[in-house]
Structures are given as C-alpha cells and as structure tokens.
Amino acid sequence: MPQEDITTVAHDERYDAQRIESKWFERWQQDPELYAAERDSTKQKYYVLEMLPYPSGALHMGHVRNYSIGDALARYMWMNGYNVLHPMGWDSFGLPAENAAIANNTPPKDWTLRNIANMKAQMKRLGFAYDWSREVTTCLPDYYRWNQWFFLKLYEKGLAYRKKSRVNWCPKCATVLANEQVVGGHCWRHEDTVVEQRELEQWFLRITQYADELLRDLEKLKEWPEKVRTMQRNWIGRSEGALVDFKLDSPSGSFGDKIQVFTTRIDTIYGATSLQLAPQHPLVVDFAAGNPDLRAKVDQLISEQGKAREVGDIGEIEKHGVNTGRYALNPFNNSKVPIWVANYILMDYGTGAIMSVPAHDERDFDFAKKYKIDIRIVILPNSGDPEETVTEPPLPFTTMDGMVVNSGPFSGLSCEEAVKKMSEYAESHGFGKATVTFRLKDWGISRQRYWGTPIPMLYCENDGIVPVPESELPVVLPENVDITLSGGSPLGRVSSFVNTMCPKCGGPARRETDTMDTFVDSSWYFYRYTDSQNNTAPFDSGTIDYWFPIDQYIGGVEHAILHLIYSRFWTKFMRDMGLVKNDEPVERLFTQGMIIKNGAKMSKSLGNVVSPDDMVERYGADSARMYTLFATSPESELDWQDAGIEGVQRFLSRVHRFVARNAQNASSERPDGGTARQIQRKLHQTIKRVSDDFQGRWHFNTSVAAIMELVNALYATEDKETSGSRLPADVLRDVQRNLVLLLAPFAPYLAHELWEMLGEKQSLLRAAWPKYDPALAKEDEIEIPVQVNGKLRGRFVVPADAEESTVKANALADENVKVYIAGKQVVKIVLVPGKLINIVVR
RNA sequence: GCGAAAGUGGCGGAAUUGGCAGACGCACCAGACUUAGGAUCUGGCGGGUAAAACCGUGGGGGUUCGAGUCCCCCCUUUCGCACCA
C-alpha cells in the first residue's frame, strides 16, 4: 500500500518526541553516570545550584523554568571543560505533610517520601542532569542530625538561647512564625490569616550578632541582583541614633524612675514636648494597673494597631493616643513633658518609647496638632547668611541640613555637629549614649509542630536546661504520632519521646517537644551536597574549600529575604567555628521571574494551572524546557501560552527533519561555495551569540532565536526538488554537528538523538562546546549607511577590511554637500565598520 | 507616602556601546504540495499610500548630524517597604 511507503519515509524525518525521549530516558536510567559528567578535581570547579524544592507532590512550571536555566548552564559549563557540581535535594520537613497526614490519615514521612519519589521521576523524565549520588533529603535523620549538631554548637557559643517573648502566632498553622514569615501582618502561607501575638518560651538564634556583617558584606555581593541586596538592607534596617533617659516625675512601682527613648535626631531634643510610648510598653502596663479607664483606652490603641497590620496594604492608620497624666523630665533642660501612649509607636523597634518633636518630625507633627501639644522649633534652615535667617520654617521641618536654635549651649551648631556633641554630653552625664539599632530581630526557630527537626534539648528538674550530648545524636523523630493542629506540639503527647534521663544527674528529664523552623534545614543544605554520605561530620572542610562559594545560585525572588539571609548567617557562624573559609555562601545569585497564565498566578481555584506532566506528554520534555527559556528572558514574568510551546515543538521538529534528511546523504548534488560561506558565517555568528548569552546576559530567549535563525538559513540551502541540502558535504557535516552542540543545553534529548544519528561516537556530555572563529563569522562586505541632515540617503557597500573610500553614492549625486565627520569638514571619508556616515548640509 | 524596575505591532518579545526599530516566535493572510490537512514548504505581515512621501517605541520638552537607548518634567503598570522614631 502506498500509505505504508509514506509512513516509512516519514518515520525517519518526523520528530517523535515521545519515542526519542523514552529511548534516551531508558539509557540514562541504566547508566546514572550519564547524568553527571565525570568528576575531575584537577579541572576548574563550577558549582551551579538551583533552590531545592519542597516535595509538595508534583513539580509545577516554576520548577521547570528554574531547573531548565540551571541545567542549561550546567551542561554549557561541562561542555566548556569545567568540573561541574549540579546536585538536587528535598526540603522535606514542613507543615503541609502534617496537613496531608490529617486529611489522608497517612504518616507525614510516607506522604513526603512518596512525593519525593514522584517528583524525582518527573525531574528525570524532564532530563535534568543532576548528580543523584549526592541527593540530600532534609527529613531523614542522616541529614537532620547535623541540624541538631549545629544547634548544640550554637548553644555552646551562646548563639542559641531560650527566652519568653511575644511571638507571631498563626492560628491556621497552629505554630509560631519568625518575623520573616509575617507578611503584611499575615501568615506567609495563609494570606487570609491575621497573625496573632502570644507570649511563649522560645528558642532563638542570635542572628543579630551578625547584623552588622550581614549588612556590610552585602557590598561584596556584586553579582547579586540589586533588588535583593536592597531588600536585605531594608530588612536589616540599621539606624544610628542615641538612647536617652528621661526621669519620671515620680518613680513608678516595679518599673523604676526613668524611661529610655531611642532617637535618630538627638539634635532636636530641646524641641521634645512629649514622650510617646507603645501601648504594650511595660511602663504603660504599670500606669494602667490602677487605672481601668487608661487600661481600656490603651487596649483600644492596641486593637487599632492590630487592625493596621490586618489591613496591611492600606497604609498608615489614623494616629490616636491617650495622655497618661504623668510627666518626665528632659535631661538636657529639665523641662517637664507629658507622657502619652500612642498607636503609632511600635514596641518591637528601638525601646518602644520615643521623644516627640512635633516641629521636626512629620508623625509627631500630625499627632501634636491633633492633641494640641506644644510645638517648639529648634532647627532652622541653614542659609549661611544671618540676615536671611528664617525664623518660621514651614513645619514640620525635618531636614538634617539645618542649624540648631533654642537649644541652650548647643544653639548655633549644625545638626550634624549637634548630634555628635549632644550624644557625648549625654554619655558624659550618664543619661544616654550614641547607639545603633537594627530592625532585624533574633531568629525564633521553635515550632510547635511534629514534622521538623527535634530540638536536642532537655529540661531536668535539678539541672535546668541540658543539651543532649553530641554522642546521643540524632534525636530521632518518633513515628506513629497522632497529629492534630491544636493543643501544642504533637511530640508533647508521645511520652516515650518526652520522658528521658538527664545526662548530668541521671534523674528524669523532659525533652524539648518543639521542632526547628524548616529554614534551618535550607540554611546549609548546599554544603552537604559536597559530601552527602559523611556520617562523622556535616561535611569535610577540605572538600568545601574546593567547591565553595557556590558559583551560581538560581531560584525565585520570594526567597530574597528569608532563606538568603539565614543562609548567609549560617555560613558566617560556620566560618567562625572554623568549618568553612568562605564569608558568603553564594557568589552569583539569579532570581527568575514567575510563570503566570492569563495574567494571573497559576492556581487551582482559577483553573489556569499548567502541569509539567501534561506538557511533557503533549509536546515532550525538550519542548517544555525550551519554551520556558524561549518565551522571555529568565528574569521576566512569563505568561504561559500553549501556542508558544507548539512553536518550539515545531522548531525542534524542523531541526530533527533537517538533520534526519541530511545525515546520511552526505554527498550533495550541487555543492555551492557561496552558500557554504554564508552558512559558516551564520554558524559562527550563532556560536558567538549563544556563548555570549551564557557568559553575560543570560537572555536565553535570544540564544534560542539565534539557533532558529541558523536553522532557517539551513532550510534555505535545501534543494526544492530533492529537499536535500546543497551544501558541500564537509560544511554540511560541520554545521550539523555544531548545531547539535548548540542545542544540547536547551533540548538535551533531541541533541543526543541527533548526535547519534550523525554517527558521533563520543558522549555528547563530554563533547566540547563549539569554538567561535571570528574569521569565519566576519562579513565579506559591509554596508555603511549614509545620512544627509539626519535622513537616510544611501549606503556604501564596501569590502569589510576597507579603510577609506570616497563619496560616490548615487543618492548623493545631486546634493550640493560639504562632507563632515565628527563636526569637521573632510574630503576623504574614513570608514568605520558598523558606524554610520553623516553628511551635513550647511 | 518612600524605593526599585518597566512601558516597543493583534500577542510574547528583539535591538549588548546612541547608528537601517520590530530579530525570533505566536496569531493572521496568500501560494505550493495534496483525496484531505489542525502536517509540511514558500512568501507576506507597524500605520499610511495605487506606489511613494510621510507618521510611528506611554505623553511633553531637551542634548545630538542622528535618540527605543542619554537628560528633565509628567502619566501608567508591576514589585518591594510601609508609622522603624
């Protein structure tokens, strides 16, 4: 039957992604080494890392995009002869496993390991070349025992401590959240849930000890996105100022006789006409103790603050306050100022108390106007001319570029001088000092949850808090635990876990039942990859010296603060322990854009979720991967369009067809030298464009576009009758080979298939990246456009190596022109390749 | 409100240093091959015109022989921060 003939012929040329991909998938399964190029520590190293996923059940397109970038880079670096480390793992502790456990009555461990198995299979199917021998799974004891080990070291160094404090509590998660996990007053996981404040005993890590260095070293991270550095800078929130004590008019019971305020503008202190306290301030609690009316008003302020957090994005709430009827003394001039409580004062910044200077602070100004509090001007604009001195500046006048007035002995100083002198004065008189405060708070890591690393601490009646001895690690998370989302940590109900013996006195002791924040796991996992089987240490320090810092880290910008600040802290702490030498974990950071569809985030409720499995099944892994790189540049948001991935698939099938058609019939019927030269030029221009993108801008969309142009040019060499290329055999062979190499980082399955089809014997993974030859890329002739008075009037076509020419362009014949270059009249024109010649008529 | 990034055809996006705006792809149109085409190949495709001219990179100014690109003002969008004293 003729139909059979057609299909037989078509079979070779038709791009059957499923057939090709399953063939190579099977081969790679059988030889895992094919996933990872040979390791050779004499070569220069390159550590490319993608953020490890939470095993939620299945990959989403964001993962595919992230890993497609990393995998392309890893393959490119391999082909360029580097010793590449490209690992993958699982951030596998966390609340969703507990929720799933409750919903499906499955132990969190089973659920998690099943998800890992599924997602790992998806990754393999997508053809990502990870070195699976280094896989890290954070929920397994051989990993989390080192969390515990680090915790003990932190505790030894005084960097882990326990204190009772007001903490953020998410009622949905039924656990504490770190400050970093509260977004606009809401839980980072539950955008609709308002975070509550609770008093709890918690374990904290003293990240603030590194606040200064974390800030300072941001300067070193030149290869990080500026956006991320700014976010971290703001988050750390360093501000220089002074602490000043105001004496209370009468000592207040438990609180003492003075109140400390923090200010960045001590130079304005003579203008302080009230003190403002946060509603939660202990002195307010004191004042309100015998004053139910005040208590009620203060409670009202607290609730207003809560609402402000709830509203979140609406902005500042209206300022309210209440006068306590008490007074304090300004230590500089002994003036008596009323003490107020105000809803715009935050307890968790500075001292929770401020001096209010209405004339020179916008917020204080608003407040003072509302409550008719005195406004006292102590700074004037610094005109430099005493005659022109303004005595009534527009209020509030907040600039630092001014002169201090009405301020006793400090009058006449510039603001800057006054800040310095007044701080010194306060310090020498014992009522204040210059200081630095940070917005960054210590990292609360206790979680009242089951599925996390047990905190290796014990509570003994005799010895108090006792660390679990190192030799007894890991403290293994018990299985078969009854999980509920209320009533405290599920571990607290496992008596065989809780009850133990004190290693100091041998008496009964209780284990800590809280587990660690999962951000602990991800703070150092990338070190573990270098030595993932080590069971005597978290890793070998010598191996770290070779691999670190990470050359390229790739992930979502949503981790700009949390994960990336904790990781930096962890590295600095390990450095101070002598475990690592690097100050920073990551040399270059890349944050890829989100994937959206129809203008919205993909979500089940919107029904616009694109599933990687579905895409692989319909178009193949190569098409799915390549589309995520081609649709837009990696840092931009990507609006998913199925028509776009179809286009990529069409392109891959064009590549396949061209190579399949021309792989065998190497002897061309009509060799054509000129076409060959053009194709070689195009090839080498393409090699340059793709290589440049890898080394610089990472605009893989333009890399792919360049390869498409090359393929279009190859199609133009085909004979219309026979569909065979008219290129000479050697050129055809060379260009096909290089085309496959260029394709390898983006579409590895097809590249392997075609590589084999071309009869190449060496593994594609070990093949060298095409070498760019500028001589071959160079144009023989160049066009130089000529412009007259800003209008394009003609062009010269000259040999590429020409240096001089004369004006002959026909378009210019009838112009009565003088010729200028760079503003000078010239007779002869010097040609600069790529530059336009300008002719000005004067 | 503060800070940052961005604004280019019907759409996603190119234009790395100021030098032919719209590469590449999608969609669309036409042709070829076909019993057929949701396959493939070839061509077209910013507006405008019979063809030119001319007009076009959010708006308005400016610098320059020349501006999507540099400078100033404004508008819009997105992101981050948001009473941090």
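A:I596 has its CD1 atom 15 Å from the P atom of B:C11, to the nearest Å. Taking atom CZ of residue A:R657 and atom P of nucleotide B:C41, one finds them 5 Å apart after rounding to whole Å. Going from atom CZ of A:R14 over to atom P of B:C41 covers 15 Å, rounded to whole Å. As a whole-Å value, the separation of A:L652 CG from B:U40 C1' is 16 Å. Separating the OH atom of A:Y715 from the P atom of B:A32 is a distance of 22 Å, rounded to the nearest angstrom. Atom CG in A:D692 sits about 12 Å away from atom P in B:A15, given to the nearest Å. The CD-C1' distance, from A:Q649 to B:U40, rounds to 14 Å in whole Å. Atom P of nucleotide B:G80 and atom CG of A:L562 are separated by 13 Å, given to the nearest angstrom.
Proximity of A:R697 to the phosphate of B:A15: a side-chain N or O atom is located under 4.0 Å from OP1 or OP2. A sub-4.0 Å separation between OP1 or OP2 of B:C81 and a side-chain N or O of A:T230 is absent.
Counting non-hydrogen atoms under 4.0 angstrom, A:L638 reaches nothing in the nucleic acid. Among the heavy atoms of the strands lying under 4.0 Å from A:E637 are primed sugar atoms or P, OP1, OP2 only; no base atom is included.
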Please enumerate all protein N or O atoms sitting under 3.5 Å from an N or O of nucleotides 4-8 of chain B, with distances to 0.1 Å.
none

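From A:D692, atom CG reaches atom OH of A:Y772 across 8.0 Å, with rounding to the nearest 0.5 Å.
A distance of about 8 Å separates the C1' atoms of B:C55 and B:G48, rounded to the whole Å. B:U34 sits 39 Å from B:U49 when the P atoms are compared, rounded to a whole Å. Across B:G58 and B:U42, the matching P atoms stand 34 Å from one another, rounded to whole Å. For the C1' atoms, the distance linking B:G46 with B:A27 amounts to 15 Å, nearest Å.
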- line: With B for base contact, S for sugar-phosphate-only contact and - for none (protein heavy atoms under 4.0 Å), nucleotides 22-27 of chain B reads -BBSSS
message: For Watson-Crick and G-U wobble pairs within 3.5 Å on both distances, what is RNA chain B written in dot-bracket notation, | included for inter-strand pairing?
response: (((((((..(((......[....))).(((((.......))))).((......))..(((((..]....))))))))))))....
